[in-house]
Amino acid sequence: MKSKQRKVRLAISGVLLAAVVATGIYAYNQDHAREEQARQEEEARLSEEQEQLSQDVNTSNADADMPEETAQAEPEAAPEITEAPEAAVTPSATPEPEETASDTVLPELSFDENTVLTAPVSGTSGEILIPYSMDRTVYFPTLGVYKCSPAIAMAADVGTPVAAVARSQVLSVEEDPQTGVTVTMDMGNGYQAVYGQLADVTLQAGDLVEAGTVIGTVSDPTRYYLEEGSNLYFAMSKDGTSLDPTEYLALQAE
């Protein structure tokens, strides 16, 4: 009995083993078939891409041949393009730089030691509150010190018109702590004039003024000249060296 049961179990085991083997073989064949189908599809896709690439290359080559015909047609229109710039350049445009250059030429200024100055202020006593003095010191009342003076301080009432002493060109208009609104002018040949303690100045650098032209008015004195009172600060120089303005104003008085 036991021998019979053993045979039956062996038979069943054999059947099961055969079924497993058969299942494995079937699964293997199915995987192989899918791989083969995928390989064939990939080869077909690559073949189509290669064929499309060949068509694109042929199309590109055909397009490359087209510019030759276009290039042959373009020279016919070229004369119209070259003629346009020639017509656009008109002789009337060239003289403009010459006219502009002439406008920027500096005015002729010819001041010298014999030039008679116009009085910078009038209608006042003309008293010199602080004289020009570069070889010795003079007293400055407000500051309470003795020091050299490169200019003169001329007594003048607030609001008194201040005139240019000679034909000049404005170099600068500045606010100075000591001399307030200060105008520096070029009179020519290295001569300069400086006007300080001014108000109502409308000049700008580069402006040309004639002798006697009002350039501003006398202002209230700065805190450096309170004791002296309202005045015109007036200085002159030649090539950077200060001059005594009263020597030139003396010529005007003669």
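Numbers here simply count residues along the sequence, with the first being 1.
Although no hydrogens or angles enter the test, the distance criterion places no donor-acceptor pair under 3.5 Å between the side chain of K238 and the main chain of Q192. With D207 contributing its side chain and A205 its backbone, the two residues share no donor-acceptor pair below 3.5 Å. S168 contributes no side-chain N or O that, together with a main-chain N or O of V209, makes up a donor-acceptor pair within less than 3.5 Å. Checking side-chain atoms of Q169 against main-chain N and O of D186 turns up no donor-acceptor pair under 3.5 Å. In this structure a side-chain-to-backbone donor-acceptor pair under 3.5 Å is missing from T179 to T182. The backbone N or O of C148 sits nowhere less than 3.5 Å from a side-chain atom of T137 that would complete a donor-acceptor pair. Looking only at distances, no side-chain donor or acceptor of D200 sits under 3.5 Å from a matching main-chain atom of T217. Not a single donor-acceptor pair under 3.5 Å links the side chain of S172 to the backbone N or O of E174. Of the possible polar contacts, none joining the T118 side chain to the A166 backbone as a donor-acceptor pair under 3.5 Å is found.
Under the 3.5 Å distance criterion, with hydrogens and angles disregarded, no donor-acceptor pair is assigned to the side chains of T241 and D239. Side-chain polar atoms of T142 and E228 form a donor-acceptor pair below 3.5 angstrom. Residues D112 and T115 bring a donor and an acceptor atom of their side chains to less than 3.5 Å of each other.
In this structure, Y191 and Y248 have perpendicular ring planes: the angle between them is above 60°, well past the 30° mark. Between F234 and Y195, the ring planes are tilted. Angles from 30° to 60° get that label.
A 6.0 Å sphere centred on CD of Q204 holds no more than 12 heavy atoms belonging to other residues, nucleotides or ligands.
Residues S149 and M134 are not in side-chain contact: their nearest non-hydrogen atoms beyond the backbone lie 4.5 Å or more apart. Looking only at side-chain heavy atoms (C-beta outward), L198 and V183 come within less than 4.5 Å of each other. Residues V138 and P131 have side chains in contact (heavy-atom distance under 4.5 Å, counting atoms from C-beta outward). Annotation: side chain of Y225 is not in contact with side chain of S230 (no heavy-atom distance under 4.5 Å). The shortest side-chain heavy-atom distance between M185 and L203 falls under the 4.5 Å cut-off. By the 4.5 Å heavy-atom criterion applied to side chains, M187 and V165 are counted as neighbours.
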